[in-house]
Amino acid sequence: MSLATKSFEIFCGTGGVGKTTLATARALNLSQQGLRVLLITIDPAKRLKDILGLTSESVGEVTEVSLQGTKLDALLMSPEKTILRMAAQNKSPDLASNRIVQILSRPYGGMNEILSLIELQLRFESQRYDVIVLDTPPGAHFLDFLEGIGKIRSFFDQSFVEIFSYLGQKTAKAGKKVLGLGLINRIVSGGVKKLLGYLQSVTGAEFIDDFVEAVQIIYQSKDVFLKGLALQDRLKSRTQCNWFLVTSVEQGKAQEAIDLKGHASHFIHQDHFLVLNKCLEQELTEWFPGDPKLIKVKASLEGKERHLKGRLRDAFPTVLEFPEIISLSPVEHIQYLTQKWKTYAT
Ligand SMILES: Nc1ncnc2c1ncn2[C@@H]1O[C@H](COP(=O)(O)OP(=O)(O)O)[C@@H](O)[C@H]1O
Ligand SMILES: [Mg+2]
């Protein structure tokens, strides 16, 4: 098995399996090797945030974290801040105040995946890091998103052309002020007119203005979007990116990981790793119950875990195991998992 250093490391998996915890431990492990590391993370548990010293002010900003005698940069994703950075690059200061953009950038508004990718691109361009570790939103969304990149490209290439031909060329070039509804009514035809008319009846004319402005703003930022999308070629490359699919020894989770791999098969290269978290084997072998009932419980737990590992080893090229940590304090917990990464790092 080779866990060579690459420019990117991506952690994906369903919710609650330990992505954020293991991505953090991995980032620490890499930084202990002397590498300049950035950890981009989403929704860390409060306990982990405390350990990293991330406060509410540091959300969305690169923050230096000092832990276990090593330093690394951490960035807790904030869609609003990424949008502001994009706006600064495009000199479109209105971006973040537009209500449609605000809705899209809510945690489940659908923009998080592309924003993580854009953040990854911006940080990669800064050339400040040897490795960027990315903790992705739970589930298959990130992978779906990566697979859908072709569609997003053609969205910019084709859909915008269509939208603008409806809204009038001026909109594409216009500065801040958007076309008034009256003018739109004259230009817009067919389906789009119907849709806007419907939106107006339920949301009011201001919403339509915001809608048109959002289309315009997103279009103005298209270079940043497309550059972010271009990053996918690096992520697909086995020399540039380590992929970690995370799962845990829990009912149903193994199947979710196998499904996720199926989902990702067009995207993730074949040298990916399955990270199996919360293994009980170590605890179980050190447990010698006297009570006959507990002896059966132990045997049953061991049997289940063995079965699950067998399935996963059949489905994945490489399985990395991490134990369920039961009796350590939160800091020791991360410390232990960081050490565990070290054992895989050769
Ligand atoms: N190896 C482990 N042993 C024990 N608890 C763990 C382990 N890994 C993660 N956890 C705990 O599981 C919960 C979910 O972990 P988290 O990293 O937030 O998962 P995710 O990011 O996949 O949603 C947290 O409470 C975390 O402390
Ligand atoms: Mg998480």
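In each ligand, atom 1 is the first atom listed, and ligand 1 is the first ligand listed.
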Taking the side chain from [X] and the backbone from [Y], do they hold a donor-acceptor pair closer than 3.5 Å?
X: His307; Y: Lys304; value: no
X: Glu305; Y: Glu281; value: yes
X: Lys278; Y: Pro323; value: no
X: Thr318; Y: Phe273; value: no

Margin query: Below 2.8 Å, can you find an N, O or S atom of Thr20 next to the Mg ion (ligand 2)?
Written below: yes

Residue and atom name of the nearest protein heavy atom (relative to [atom]), distance in Å to one decimal:
atom: atom 19 (O) of ligand 1; result: Gly18 N, 3.0 Å
atom: atom 10 (N) of ligand 1; result: Lys278 CE, 3.7 Å
atom: atom 27 (O) of ligand 1; result: Arg47 NH2, 3.0 Å
atom: atom 21 (O) of ligand 1; result: Thr20 OG1, 2.7 Å
atom: atom 17 (O) of ligand 1; result: Thr21 OG1, 2.5 Å
atom: atom 3 (N) of ligand 1; result: Ile325 N, 2.8 Å
atom: atom 23 (O) of ligand 1; result: Gly16 N, 2.8 Å
atom: atom 5 (N) of ligand 1; result: His333 CE1, 3.4 Å

Note to self: Evaluate Asp135 for polar contact with ligand 1, using N/O atom pairs at a separation under 3.5 Å.
What the structure shows: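 So ligand 1 has no N or O lying under 3.5 Å from an N or O of Asp135.
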
Check: Under 3.5 Å between some N or O of ligand 1 and some N or O of Leu337?
Finding: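 Not met; the criterion fails.
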
Item checked: Contact atoms of ligand 1, heavy-atom distance to Pro323 under 4.0 Å ->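 Selected atoms, number and element: 1 (N), 2 (C), 3 (N).
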
Next item on the list: Check each atom of ligand 1 against the heavy atoms of Glu324 and keep those under 4.0 Å away; list them by number with element.
Entry: 3 (N), 4 (C)

Check: With a 4.0 Å cut-off on heavy atoms, does Ala45 reach ligand 1?
Finding: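 Flag not set, Ala45 not near ligand 1.
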
Note to self: Please determine whether any non-hydrogen atom of Pro330 lies less than 4.0 Å from an atom of ligand 1.
What the structure shows: no

Note to self: What verdict does the side-chain hydrogen bond (donor to acceptor under 3.5 Å, both in side chains) test give for Asn277 and Ser248, after you've listed the backbone C-alpha separation in whole Å, the side-chain angles of each residue and the deciding distance to 0.1 Å?
What the structure shows: CA-CA 4 Å; Asn277 194 19; Ser248 59; over 6 Å; no

Check: Parallel under 30°, tilted from 30 to 60°, perpendicular over 60°: which one fits the rings of Trp341 and Phe322?
Finding: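 Rings of Trp341 and Phe322: tilted, 30 to 60°.
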
Notebook entry, point to check: Does atom 7 (C) of ligand 1 have a protein heavy-atom neighbour under 4.0 Å away?
Noted result: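 Yes, there is a protein heavy atom closer to it than 4.0 Å.
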
Next item on the list: Measure from atom 25 (O) of ligand 1 to the protein's non-hydrogen atoms and state whether any distance is below 4.0 Å.
Entry: no

Item checked: Phe316 six-ring face occupied by Lys261 cation (under 6.0 Å, within 45°) -> yes

Note to self: Within 45 degrees of the ring normal and closer than 6.0 Å to the centroid, is that where the cationic atom of Lys19 sits relative to Phe244?
What the structure shows: no

Note to self: With side-chain contact (heavy atoms from CB on, under 4.5 Å) as the test, pick out the partner of Leu120 among Leu231, Leu38, Leu75.
What the structure shows: Leu231

Margin query: Can you tell me which portion of Val246 lies within the under-4.0 Å heavy-atom range of ligand 1? Options are side chain, backbone, both, or neither.
Written below: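 The answer is neither.
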
Next item on the list: Could you give me the CA-CA distance, side-chain angles and deciding distance for Leu39 and Leu134, then say whether side-chain contact (heavy atoms from CB on, under 4.5 Å) is met?
Entry: CA-CA 6 Å; Leu39 168 69; Leu134 180 72; over 6 Å; no

Margin query: Centroid separation under 6.0 Å, is that true for the rings of Phe8 and Phe124?
Written below: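 Ring centroids of Phe124 and Phe8 are less than 6.0 Å from each other.
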
